[in-house]
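Counting starts at 1 for both ligands and their atoms, in listed order. These numbers were taken from a predicted model, which means no experiment stands behind them.
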Amino acid sequence: MIKKKFGIIGKPLSHSLSPDLHNFWFKKYKISAHYSLIEVELNEIESIIKKIRNNELQGINVTVPYKQAVIPFLDLVAGDAKETLSVNTVSLNEEGKVVGNNTDVYGLEQGFINKLSNQNLKQNKVLILGAGGVCSSVIYALSKKGIKQIFISNRTIKKAENIKKKFSFIEIVKWDKTEAIANDVDIIINATSLGLENKSDFHQEFKETKPSLVYYDIIYNPEETMMIKKFKKKKIQTYNGLDMFIYQGKKSFFIWNKIDPEFNQKLKYNIIAKLK
Ligand code: ATR
């Protein structure tokens with residue numbers, strides 16, 4: 001039996017735990033396959049997609065900074081990738097077409113948004129920090145729930161303006177004005193890389209936020225960012241990005257293998273152990 005090949009493309013990739021996740025499931029479901037890190041430059045994306053078309057590679061995930069850059073090389077963009085123009089999963093369909101999908105939206109819904117109380121959710125005000133690769137998935141997942149008051153703040157305002165071209169209902173907040181708006185919102189989502197292991201952190205203090213605030217950090221490495229620690233001390237509800245990460249992987253695994261893999265505590269502990 002030939003061993004199937006999967007992987008994740010991006011740069012840098014050293015932080016990715018996707019190989020641990022998918023190789024755990026390949027073993028569990030006795031699938032002869034291996035998932036690896038494929039660090040590539042922008043000009044190598046085309047040849048990677050060719051490998052999928054030729055069935056030399058059976059599927060890839062795409063991460064920063066290529067979630068949009070990969071699109072011109074695909075035959076089709078499907079599912080939530082159509083609305084977000086952000087592709088994180090590529091596969092070959094039965095007609096031999098290379099298809100780009102987005103499983104980040106599903107990851108966010110299952111890993112975070114569906115855990116929130118539905119009471120007044122539509123009226124919630126949300127502040128998204130960051131306008132990078134995952135931002136359009138966050139906005140789309142929130143808007144699917146009927147949330148319309150979305151503020152976005154990014155160090156480089158141009159990137160926020162680009163996102164507003166796609167989602168005109170969002171409001172842009174200047175990076176040096178985030179504290180004031182943070183005090184007024186119900187949910188803050190960190191979609192920046194601030195707080196990642198070995199990276200710099202927020203200069204904002206977020207001291208006067210509502211006691212009912214929910215803070216969500218897409219980061220899961222470290223398990224608790226400095227912001228999560230700070231908010232936890234104040235008894236503010238916090239979530240990290242680990243469940244989102246596992247759910248987006250679960251949907252990618254299904255797209256490639258037509259098996260919906262189990263997400264249980266053992267798997268979660270295994271992943272957490274890798275973070276340490
Ligand atoms: P990309 O922006 O290349 O898609 P990303 O990892 O998806 O990469 O996003 C990184 C996010 O973290 C961006 O919103 C970035 O802000 P800029 O657009 O201004 O670069 C944000 N970020 C990273 N380092 C930061 C810092 N030191 N201060 C503020 N924001 C930072």
Side-chain angles (χ1 to χ4, degrees), residues 8-18 37-45 60-72 80-81 84-90 100 102-105 107-108 111-112 126-142 150-167 170-182 185 187-206 215-222 225-228 230 240-242 244-245 248-249:
I8 179 165
I9 66 162
K11 193 186 175 185
L13 275 179
S14 52
H15 66 276
S16 174
L17 290 181
S18 290
L37 297 175
I38 312 171
E39 193 163 305
V40 292
E41 300 295 333
L42 183 64
N43 63 10
E44 293 171 284
I45 296 178
I60 55 164
N61 280 132
V62 182
T63 188
V64 286
Y66 303 135
K67 288 185 182 189
Q68 255 190 305
V70 74
I71 293 177
D80 293 334
T84 56
L85 295 182
S86 170
V87 165
N88 79 327
T89 306
V90 182
N102 173 311
T103 71
D104 288 331
V105 173
L108 270 157
F112 173 56
V126 184
L127 170 62
I128 303 171
L129 304 167
V134 78
C135 187
S136 59
S137 298
V138 177
I139 297 170
Y140 183 57
L142 294 169
I150 301 176
F151 302 89
I152 178 167
S153 191
N154 194 52
R155 178 182 58 177
T156 313
I157 199 156
K158 191 96 201 98
K159 280 204 220 162
E161 286 165 358
N162 276 339
I163 288 178
K164 193 173 162 72
K165 283 182 196 154
K166 206 169 1 179
F167 301 100
I170 62 168
E171 281 182 50
I172 299 175
V173 177
K174 287 197 178 137
W175 189 240
D176 58 4
K177 298 276 188 298
T178 38
E179 302 248 21
I181 195 81
V185 299
I187 301 171
I188 298 179
I189 297 178
N190 176 24
T192 72
S193 50
L194 291 172
L196 260 182
E197 203 82 85
N198 305 323
K199 287 254 181 149
S200 42
D201 223 303
F202 286 97
H203 68 270
Q204 292 95 329
E205 295 274 350
F206 302 123
Y215 179 76
Y216 180 67
D217 213 315
I218 289 179
I219 294 175
Y220 57 86
N221 189 10
T225 58
M226 191 194 77
M227 284 304 253
I228 288 193
K230 252 176 146 170
N240 74 8
L242 188 58
M244 174 196 171
F245 166 69
Q248 64 75 34

Undergrad: Is the backbone of T84 close enough, under 3.5 Å, to the side chain of K166 for a donor and an acceptor to pair up by distance?
TA: yes
Undergrad: Distance alone, cut at 3.5 Å: any donor-acceptor contact between the side chains of N102 and S137?
TA: yes
Undergrad: Would you call the rings of W175 and H203 parallel, tilted or perpendicular, where under 30° means parallel and over 60° means perpendicular?
TA: perpendicular
Undergrad: Give me the pairs of N or O atoms, one from ligand 1 and one from the protein, that sit under 3.5 Å apart.
TA:
| from | atom 1 | to | atom 2 | distance (Å) |
| --- | --- | --- | --- | --- |
| ligand 1 | 2 (O) | K159 | NZ | 2.7 |
| ligand 1 | 4 (O) | G133 | N | 3.1 |
| ligand 1 | 7 (O) | G133 | N | 2.8 |
| ligand 1 | 12 (O) | S193 | N | 3.1 |
| ligand 1 | 14 (O) | A131 | N | 3.1 |
| ligand 1 | 14 (O) | N154 | OD1 | 2.6 |
| ligand 1 | 16 (O) | N154 | OD1 | 3.3 |
| ligand 1 | 18 (O) | N154 | ND2 | 2.8 |
| ligand 1 | 18 (O) | K159 | NZ | 2.8 |
| ligand 1 | 19 (O) | R155 | NE | 2.9 |
| ligand 1 | 19 (O) | T156 | N | 3.0 |
| ligand 1 | 19 (O) | T156 | OG1 | 2.5 |
| ligand 1 | 20 (O) | R155 | NH2 | 2.8 |
| ligand 1 | 27 (N) | R155 | NH1 | 3.3 |

Undergrad: Once salt bridge (Lys or Arg N to Asp or Glu O under 4.0 Å) is applied, do any residues pair with D217, and if so which ones, sequence neighbours excluded?
TA: none
Undergrad: How many angstroms lie between CG in D80 and CG in D104, if you round to the nearest 0.5 Å?
TA: 9.5 Å
Undergrad: Among K159, K158, K165, K164, find the one that has a side-chain hydrogen bond (donor to acceptor under 3.5 Å, both in side chains) with N162.
TA: K165
